[in-house]
Student: 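Can you keep this structure in mind? I'll have questions shortly.
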Amino acid sequence: MSTVIITGASMGIGRALALAWADEKATLILSARGRQALDEVAAEVAARGARAVVVPGDVTDEEHRVDLVRHAVDHGGIDVLINNAGRGFYSPATKIDIQQLRDLFELNVVAPLRLVQLAAPHLERARGTVVMMSSVAGVVAAPKYAAYAASKFALEAIAMSLRSELAAVGVRVVVIRPGPVDTPFREHATRAEGMVGYDAPDPKAQPADVVARKTVRAVLRGTPVVETSNFVRVASATGRYAPSVLRFALRRMAVK
Ligand SMILES: NC(=O)c1ccc[n+]([C@@H]2O[C@H](COP(=O)([O-])OP(=O)(O)OC[C@H]3O[C@@H](n4cnc5c(N)ncnc54)[C@H](OP(=O)(O)O)[C@@H]3O)[C@@H](O)[C@H]2O)c1
């Protein structure tokens, strides 16, 4: 039976991932700052006949990261590490607060990399899988998304490099690229002063459980990159094959 670490497991995509892995009867090691919400997810996991260990803490804190890996090892090793915890950031590039940018990188970039470093020997033993929860913003930087997109581009770069390094020891790296997903993500995002955009319910928002099921399937099949919706596939392909069309569309978005 697999042991799966999920960060940001208390709500949104992370909660959906916990439930999807519970259906695979995995043992789950769940991390987020809020204990009560994590306990509720653990109860839902138990109701599906799987086991969840709750490890509350902040993934930007090294002590918590070490603790998380230790809990997983105590429960049988690490088959899958899912770096899902993350935050949005909406600001024109010229107004990005640099301390807030550093904080964002601690969560969206440094924490996933450190967890991979700490988990690597155990993943190697299990010939396991690292999952990086990226975004369409990992390949397209829309206006007011400079900070968030920079963090997800960085995560994609780490994932690409890691994939080649870890292939030799049998560890896979899976990148998931969702577009808008129906979660409280927008409410939690950092915003530049006076930034009120991107609040409306997004008609293209995908249910979190769809993203979660695609993630489980990608891990089981070893798919390197999954773009979870047509919106992401079109945006990403336009950037690659028709960059001038994408530039035109982004300029239009910027003046809206
Ligand atoms: N929703 C979208 O539209 C969308 C689209 C593309 C990609 N994504 C990516 O998907 C991932 C999950 O997003 P989501 O939509 O599920 O967001 P969410 O609903 O805001 O959930 C974020 C999760 O991360 C946890 N978290 C936040 N900061 C943390 C910290 N410092 N330490 C530990 N845990 C922390 C939160 O719990 P606590 O607050 O209790 O810590 C929560 O469980 C993120 O990486 C995001 O960038 C989301």
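The analysis underlying the following values was restricted to heavy atoms, covering all of them including side chains, and did not include hydrogens, waters or symmetry mates. Both counts, for ligands and for their atoms, begin at 1 and track the order of listing.
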Student: Please list, in number order, the atoms of ligand 1 under 4.0 Å from a heavy atom of Pro180.
Tutor: 3 (O)
Student: Is Met11 close enough to touch ligand 1? Criterion: a residue heavy atom under 4.0 Å from a ligand atom.
Tutor: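 Heavy atoms of Met11 do come under 4.0 Å of ligand 1.
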Student: Do any N/O atoms on Gly34 end up under 3.5 angstrom from N/O atoms on ligand 1?
Tutor: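 Yes; the residue has a nitrogen or oxygen that sits under 3.5 Å from a nitrogen or oxygen of the ligand.
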Student: Determine, considering heavy atoms only, which of Ile176, Thr228, Asp58, Val211 sits nearest to atom 30 (C) of ligand 1.
Tutor: Asp58
Student: Side chain to side chain contact (heavy atoms under 4.5 Å, CB included) between Val110 and Thr60: does it pass, once the steps are laid out?
Tutor: CA-CA 8 Å; Val110 177; Thr60 66; over 6 Å; no
Student: Looking only at distances, can you tell me whether any N or O atom of Thr60, backbone or side chain, sits closer than 3.5 Å to an N or O atom of ligand 1?
Tutor: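 Checking ligand 1 against Thr60, no N or O pair falls under 3.5 Å apart.
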Student: Quick test of your reading of the model: are Arg15 and Glu40 salt-bridged, counting only N-O distances below 4.0 Å?
Tutor: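 Looking at Glu40 together with Arg15, the answer is no, because their closest N to O distance does not fall below 4.0 Å.
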Student: Please say which of Val169, Ile5, Ile78, Asp79 ends up in a side-chain contact (heavy atoms from CB on, under 4.5 Å) with Leu123.
Tutor: Ile78
Student: Membership question, hydrophobic clusters at under 4.5 Å side-chain separation (ILVMFWY): are Ile158 and Leu81 in the same one?
Tutor: yes
Student: Would you mind listing which atoms of ligand 1 come within a distance below 4.0 Å of any non-hydrogen atom of Ser135?
Tutor: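 Checking each atom against Ser135, I get 6 (C), 7 (C).
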Student: Report the nearest protein non-hydrogen atom to atom 22 (C) of ligand 1: residue, atom name, distance rounded to 0.1 Å.
Tutor: Gly86 O, 4.1 Å
Student: Determine whether a donor-acceptor pair (N or O, by modelled atom type, separation under 3.5 Å) exists between the side chain of Ser161 and the backbone of Ala157.
Tutor: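 No, the answer is negative, given that no donor and acceptor are paired below the 3.5 Å cut-off.
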Student: Rounded at 0.5 Å granularity, tell me how far CG in Leu28 sits from CG in Leu17.
Tutor: 9.5 Å
Student: If we only count N/O pairs under 3.5 Å, is Ala32 in contact with ligand 1?
Tutor: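 It does not: no N or O of Ala32 is found under 3.5 Å from an N or O of ligand 1.
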Student: Tell me which protein heavy atom sits closest to atom 36 (C) of ligand 1, plus the residue, atom name and distance to 0.1 Å.
Tutor: Ser10 OG, 4.0 Å
Student: Is the shortest distance from a heavy atom of Pro184 to ligand 1 less than 4.0 Å?
Tutor: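 Under 4.0 Å: yes for Pro184.
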Student: What do you reckon, is CZ of Arg127 surrounded by more than 12 foreign heavy atoms closer than 6.0 Å?
Tutor: no
Student: Give the atom numbers and elements of ligand 1 that come within less than 4.0 Å of a heavy atom of Arg186.
Tutor: 3 (O)
Student: Give the residue, atom name and distance (to 0.1 Å) of the protein heavy atom nearest atom 39 (O) of ligand 1.
Tutor: Arg33 NH2, 2.9 Å
Student: Among protein heavy atoms, which lies nearest atom 13 (O) of ligand 1, and at what distance?
Tutor: Phe185 CD1, 4.0 Å
Student: Give the cluster check for Met160 versus Leu155: same hydrophobic cluster or not, with ILVMFWY residues linked at side-chain heavy-atom distances below 4.5 Å.
Tutor: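 No, because Met160 and Leu155 fall into different hydrophobic clusters, even though each may have its own neighbours under 4.5 Å.
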Student: May I ask whether His64 places a heavy atom under 4.0 Å from ligand 1?
Tutor: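 His64: no contact with ligand 1 (<4.0 Å).
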Student: Under the side chain to side chain contact (heavy atoms under 4.5 Å, CB included) criterion, do Arg247 and Leu250 qualify, and how do the steps go?
Tutor: CA-CA 5 Å; Arg247 280 193 291 272; Leu250 296 179; 5.8 Å; no
Student: For atom 1 (N) of ligand 1, what is the nearest protein heavy atom, given as residue, atom name and distance?
Tutor: Thr183 OG1, 3.1 Å
Student: Do Arg163 side-chain atoms and Pro224 backbone N/O form a donor-acceptor pair below 3.5 Å?
Tutor: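 Side chain of Arg163 to backbone of Pro224: a pair is present.
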Student: Does at least one non-hydrogen atom of Ala111 fall below 4.0 angstrom from an atom of ligand 1?
Tutor: no
Student: Give the numbers and elements of all ligand 1 atoms closer than 4.0 Å to a heavy atom of Met133.
Tutor: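 Here the atoms of ligand 1 in question are 9 (C), 10 (O), 11 (C), 45 (O).
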Student: Just to be sure I read this right, does ligand 1 sit under 4.0 Å from the backbone of Leu38, its side chain, both, or neither, counting only heavy atoms?
Tutor: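 Neither part.
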Student: Could you walk me through whether Glu24 and Ser2 pass the side chain to side chain donor-acceptor pair (under 3.5 Å) check?
Tutor: CA-CA 9 Å; Glu24 299 295 320; Ser2 297; over 6 Å; no
Student: Transitively linked via ILVMFWY side-chain contacts under 4.5 Å: Val234 with Tyr145?
Tutor: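 Different clusters: Val234 never reaches Tyr145 through Ile, Leu, Val, Met, Phe, Trp or Tyr contacts under 4.5 Å.
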Student: Starting from Val140, can I reach Phe248 by hopping between I/L/V/M/F/W/Y residues whose side chains sit under 4.5 Å apart?
Tutor: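 Cluster IDs for Phe248 and Val140 differ.
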Student: Tell me the nearest of Arg15, His188, Glu106 to atom 18 (P) of ligand 1, using heavy-atom distances.
Tutor: His188
Student: Could you tell me the residue and atom name of the protein heavy atom closest to atom 8 (N) of ligand 1, and the distance to it rounded to 0.1 Å?
Tutor: Tyr148 OH, 3.7 Å
Student: Taking atom 4 (C) of ligand 1 as the point of reference, which of Gly12, Gly179, Gly88 owns the nearest heavy atom?
Tutor: Gly179
Student: Could you say whether the N/O atoms of Leu107 and ligand 1 ever approach to under 3.5 Å?
Tutor: no
Student: Output yes when the distance from some N or O of ligand 1 to some N or O of Gly14 is under 3.5 Å, and no in every other case.
Tutor: no
Student: Considering non-hydrogen atoms only, spot the tightest contact between Arg48 and Leu19 and give its length.
Tutor: NH1-O, 3.7 Å
Student: So, 4.0 Å and heavy atoms of Asn84: is ligand 1 close enough to count as a contact?
Tutor: yes
Student: Are Val73 and Val171 co-members of a hydrophobic cluster defined by side-chain heavy atoms under 4.5 Å apart?
Tutor: yes
Student: Going by heavy-atom distance to atom 35 (C) of ligand 1, choose the closest among Ala16, Ser31, Ala85.
Tutor: Ala85
Student: To check your reading of the model: name the closest protein heavy atom to atom 16 (O) of ligand 1, its residue, and the distance in Å.
Tutor: Ile13 N, 2.8 Å
Student: Without swapping roles, check the side chain of Gln206 against the backbone of Thr228 for a donor-acceptor pair under 3.5 Å.
Tutor: yes
Student: Within the distance-only criterion (no hydrogens, no angle test), does the side chain of Asn108 pair as donor or acceptor with the backbone N or O of Arg87 below 3.5 angstrom?
Tutor: yes
Student: Identify the protein heavy atom lying closest to atom 25 (C) of ligand 1, giving its residue, its atom name and the separation to 0.1 Å.
Tutor: Gly8 CA, 3.5 Å
Student: May I ask you to check whether Val181 has an N/O atom sitting below 3.5 Å from an N/O atom of ligand 1?
Tutor: yes
Student: Heavy-atom contact check, 4.0 Å cutoff: does Ser134 meet ligand 1?
Tutor: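 The answer is yes: ligand 1 sits under 4.0 Å from a heavy atom of Ser134.
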Student: Distance under 4.0 Å to a non-hydrogen atom of Gly57: what atoms of ligand 1 satisfy this?
Tutor: 32 (N), 33 (C)
